[in-house]
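Just below is one structure, and these are the notes that go with it.
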2 protein chains.
Amino acid sequence: MRPGVAPVTAAERSDAARNRERLLRAARELIEEGGVAGLTMDRLAEYAGVGKGTVFRRFGSRAGLMVTLLNDSETDFQSRFMFGPPPLGPGAPGLERLIACGIGRIQYVLAFGDLVLAAEMASRGRFEVPAAALWNRHIEMLLRQEGYAPEPGLMAGSLAATLDPERLLNLVRVHGVAPERLMASWQDLVTRVVRGA
Amino acid sequence: MRPGVAPVTAAERSDAARNRERLLRAARELIEEGGVAGLTMDRLAEYAGVGKGTVFRRFGSRAGLMVTLLNDSETDFQSRFMFGPPPLGPGAPGLERLIACGIGRIQYVLAFGDLVLAAEMASRGRFEVPAAALWNRHIEMLLRQEGYAPEPGLMAGSLAATLDPERLLNLVRVHGVAPERLMASWQDLVTRVVRGA
DNA sequence: ATATTAAACGGACCGTGGTCCGTTTACTCT
DNA sequence: AGAGTAAACGGACCACGGTCCGTTTAATAT
């Protein structure tokens, strides 16, 4: 290896970079005109003028592609509740942050709907996805901060399960439940869980 | 229509009945030797000596087949908490029944694992399945009985989401969490939700 | 017994996500 | 510039769940 900036990972080959660009562009266009359900891996490959193998080499799976597509908004969302202003970010009491981050999550899920859904069914269950793990840890941390003692990890998981995208979308889209009611119910839930100890 | 016992639905044709029998038997055998994952619709059809179309005519989908396979135990489970002895059945206070039925559900899910999982992904989401609806109603009823006022329907859904089979199985099988801890966490959750009002 | 008919049947067919492997191509080293 | 190499490429291929539709068959009416 010659002197200079040592790349953390091997530099991406130029053709690979070009194709990744093309694929993401193509994916967004296909979704725009046919919805997430209309995006199949075959179509994407053809539309982007690329072999099917290339698509899977890049993203691993359909879910992986969806994760990549969501990456920007996901990162943005995460940094909002980790470094942003209260009540979402640090500075507010735990309970308030808990309430705020549930509400934020509900808004996020409703905004990106099917994309989140499709991204969730990644390989090996939807629980090993890094974003989900981070989310759990965050809730756990807030629970601890509020003095919740018995098994904060498990309770965090339970609370997170409550915000399962498929459930939220089903309630809103199929049963016509207003998002505000979901947020109120979340607030009630976490308040009761945290209250007194 | 000639006199006699009027069949509620048109009587099942003899060949249909025979094939249903054969298919269920074959399905159980295939699962026994290859697990739920090893049961594909093609294999089932071939193994039962029946056309593929017949399989789908009977059960509608793979999930439908799983539901049928679970039917007995499911019915049994349901009648236990609807008509059985306390604390699961009627007669005990709402909170105790809530705790007991969560524990029962956890045991049920852990016992039938992949079968429940496969049965869940029925058409149009896993929330319209009759069994799920009944389950929600039951929890809602118990919440009401304990005097939980704000949106018992939504809260019941949240609590039910907490017992999502995929989550439970993931915790136990991948992370090695002991079932007792899950039950304790459930007990803590519902107790806090119901407590005071 | 025979005719009629609605239901059940079977398996070819389709679209999907995902894999495999022989071929091509962008970099690097001399 | 030329050779060598690891990576990227592409598309044929696979298994799966699910559909379609021409054919067979069990039940009934005559």
Send over the distance from [X] [atom1] to [N] [atom2], rounded to a whole Å.
X: B:R58; N: D:dG17; atom1: CZ; atom2: C1'; result: 19 Å
X: B:L30; N: D:dC16; atom1: CG; atom2: P; result: 12 Å
X: B:N19; N: D:dT25; atom1: CG; atom2: C1'; result: 12 Å
X: B:L44; N: C:dG11; atom1: CG; atom2: C1'; result: 15 Å

- Between B:Y47 and B:D42: side-chain donor-acceptor atoms closer than 3.5 Å: no
- Taking atom types as modelled and ignoring hydrogens, do the side chains of B:R20 and B:T68 form a donor-acceptor contact shorter than 3.5 angstrom?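 B:T68 and B:R20 do not have a side-chain donor-acceptor pair below 3.5 Å.
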- Mapping B:D15 and A:R43 onto DNA chain C by nearest heavy atom, which one lands closer to the 5' end? B:D15
- Message: Categorize B:R18 for me: base, sugar-phosphate, or nothing, with a 4.0 angstrom heavy-atom threshold over every strand shown.
- Response: nothing
- On a plain distance test, is the side chain of B:R13 in donor-acceptor contact with the base of C:dA7 below 3.5 Å? yes
- Task: Encode nucleotides 17-23 of chain C as B, S and - characters from 5' to 3', where the letter depends on protein heavy atoms closer than 4.0 Å: B to the base, S only to sugar-phosphate, - to neither.
- Result: BBB----
- Message: For a quick test of reading the model, state the closest non-hydrogen atom pair linking B:R167 to A:F127 and the distance between them.
- Response: CA-CZ, 3.5 Å
- Query: Can you list the residues that meet the ring-ring contact (aromatic ring centres under 6.0 Å, His included) rule with B:F112, with sequence neighbours excluded?
  - Reply: B:Y108
